Amino acid sequence: MAKTILVAADLRNGALRQVFYEAVYAAQTVAEDDDILCAVLIGSGITTLADEAAKAGVHKVIVIDHPELEAYRPEAYLSALVKAAGDIPPKAVIFGHTAVGRDLAPLAAARWNAGAVTDVTAMDRSSDGRLLFTRPLYAGKAFERKVFTGSVTMIVTVRPNNLPPAETDSAIEAEIVELQYDAPDLRTIVKEVIRKTSGKIDLSEAKIVVSGGRGVKSSDGFKPLEELAEVLGGAVGASRGACDAGYCDYALQIGQTGKVVTPEIYIACGISGAIQHLAGMSQSRVIIAINKDPEAPIFKVADYGIVGDLFEVVPLLKEEFSKILA
Ligand code: FAD
């Protein structure tokens, strides 16, 4: 019998996030035979995104648009998701491993008495055809592979920038369905959302991250890093050392108690490479470290190391990349 696989679309600033397409890829990998792939868009003023979501390789797009859904609220979003699923528990629900996905996934798992695998970085099939979900453990020092047993609903969150995005096709004609939002009796109300952004590009989805540590020495010390990031089309991140010293906002913090990033290139400037920092960036594809101490632990994980003063090296890199990318 055909079963439904839901992809809870991640939205940011009124647009679909890149991780949505990666979640659709995960849904396509989970799908068998005549399973129905459904993108679920929940929010306010989002109906216009339905056409775009429909081209991501799903069969159906369900839109639940209501002013009360403008800010994320767990109870409200869960009730919308449950409505999108209908009477029969879905075969799987896929989320981005983002602030919203990480919050909503366990609630969905409880609602459907489901199994859950979070922070998935890879998916394969075993020789006997079972789906294997890979996720990092111990701050990226090890990986575990998990399988779902029985016929429980599968709840999965996918780490941004790890799975390939689903291919979009403008010729795809997915059905678009708008559902009414039955406002549940909410116990919490969002009074205000105060955004602390790290710049134009979302840090957790950036392909290139230029990060500064205590070695930048001041908030002005971040300027050369910002300039390099701009030339490269990347985002700026930071160690907790830099945040604690007041050189930058905590919204930039990468690591165990900050954001987890997996960009194609991570440039660590004046960062020693403490284990708690590595927890947030060691899965980056290429790591470049700039540090004046040749013994700094960051060089142990770096693919390329530059021993030198960041205030000399970073402007040189910016100059050279400006020429190459001009
Ligand atoms: P430092 O360790 O002081 O290193 C500064 C580096 O800059 C040095 O290696 C120095 O050689 C180099 N340097 C100085 N001047 C220059 C220059 N001009 N040019 C080039 N290099 C220069 N940390 C995180 O980052 N993220 C986390 O999420 C996090 N969570 C934590 C959670 C817990 C429970 C605990 C206990 C700690 C956590 N930490 C975290 C803190 C972590 O242990 C380190 O203290 C922190 O990462 C150090 O930051 P840093 O590398 O910028 O500073």
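One-based numbering, in listed order, for ligands and for the atoms of each. All values reported here derive from a predicted model rather than from experimental measurement. Scope of the values below: all heavy atoms of this structure, side chains included, with no hydrogens, waters or symmetry mates.
- Here the protein heavy atom with the shortest distance to atom 45 (O) of ligand 1 is Arg214 NH2, 4.2 Å.
- Near Asp293, meaning under 4.0 Å from one of its heavy atoms, ligand 1 places the atoms 11 (O).
- Taking a cutoff of 4.0 Å between a charged side-chain nitrogen and a carboxylate oxygen, Arg135 and Asp119 do not qualify as a salt bridge.
- Within the 4.0 Å heavy-atom shell around ligand 1 one finds Gly308.
- Set against the non-hydrogen atoms of Gly255, the atoms of ligand 1 under 4.0 Å away are 26 (N), 27 (C), 28 (O).
- For ligand 1, the atoms closer than 4.0 angstrom to any heavy atom of Gly258 are 28 (O).
- Proximity to Gly213 (heavy-atom distance under 4.0 Å) selects the following atoms of ligand 1: 52 (O).
- Of all the heavy atoms in Ser204 and Pro160, the pair that sits closest is O-CB, 3.7 Å.
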Legend entry - Working for side-chain hydrogen bond (donor to acceptor under 3.5 Å, both in side chains), residues Thr121 and Gln283: CA-CA 10 Å; Thr121 54; Gln283 300 304 311; over 6 Å; no
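- Note that CG of Leu11 is 5.5 Å distant from CG of Leu41, once rounded to the nearest 0.5 Å.
- Residue Gln256 has at least one heavy-atom neighbour below 4.0 Å for each of these atoms of ligand 1: 27 (C), 28 (O).
- Protein heavy atom closest to atom 6 (C) of ligand 1, with residue, atom name and distance, is Gly270 O, 3.3 Å.
- Scored by the side-chain contact (heavy atoms from CB on, under 4.5 Å) test, Asp128 finds Ser126, Arg130 as partners (sequence neighbours excluded).
- Heavy-atom contacts of Thr257 reach the following atoms of ligand 1: 27 (C), 28 (O), 29 (C), 30 (N), 31 (C), 32 (C) (cutoff under 4.0 Å).
- Listed by number with element, the atoms of ligand 1 under 4.0 Å from a non-hydrogen atom of Ile254 are 24 (C), 25 (O), 26 (N), 27 (C), 28 (O).
- Classification of Lys223 and Glu226 as a salt-bridged pair fails, no side-chain N sitting under 4.0 Å from a carboxylate O.
- A salt bridge links Glu68 to Arg73: at least one charged side-chain nitrogen sits closer than 4.0 Å to a carboxylate oxygen.
- Where the criterion is an N or O separation shorter than 3.5 Å, residue side chain and backbone included, Ala242 fails it with respect to ligand 1.
- Residue Leu310 has at least one N or O atom closer than 3.5 Å to an N or O atom of ligand 1.
- The two residues Ile271 and Asn291 make their nearest non-hydrogen contact at O-ND2, 3.1 Å.
- Counting protein heavy atoms only, atom 43 (O) of ligand 1 is closest to Gln276 OE1, 2.8 Å.
- Protein heavy atom closest to atom 10 (C) of ligand 1, with residue, atom name and distance, is Asn291 OD1, 3.6 Å.
- Residue Ala274 approaches ligand 1 through these ligand atoms, each under 4.0 Å from one of its heavy atoms: 42 (C), 43 (O), 44 (C), 47 (O).
- Closest to atom 22 (C) of ligand 1, if we only count protein heavy atoms, is Lys292 CG, 3.8 Å.
- Closest approach of Val216 to Gly212, counting heavy atoms only: CG1-CA, 3.9 Å.
- Hydrophobic cluster membership for Val147: Leu132 (Ile, Leu, Val, Met, Phe, Trp, Tyr linked by side-chain heavy atoms under 4.5 Å, directly or transitively).
- Protein heavy atom at the shortest distance from atom 13 (N) of ligand 1 is Gly215 CA, 3.8 Å.
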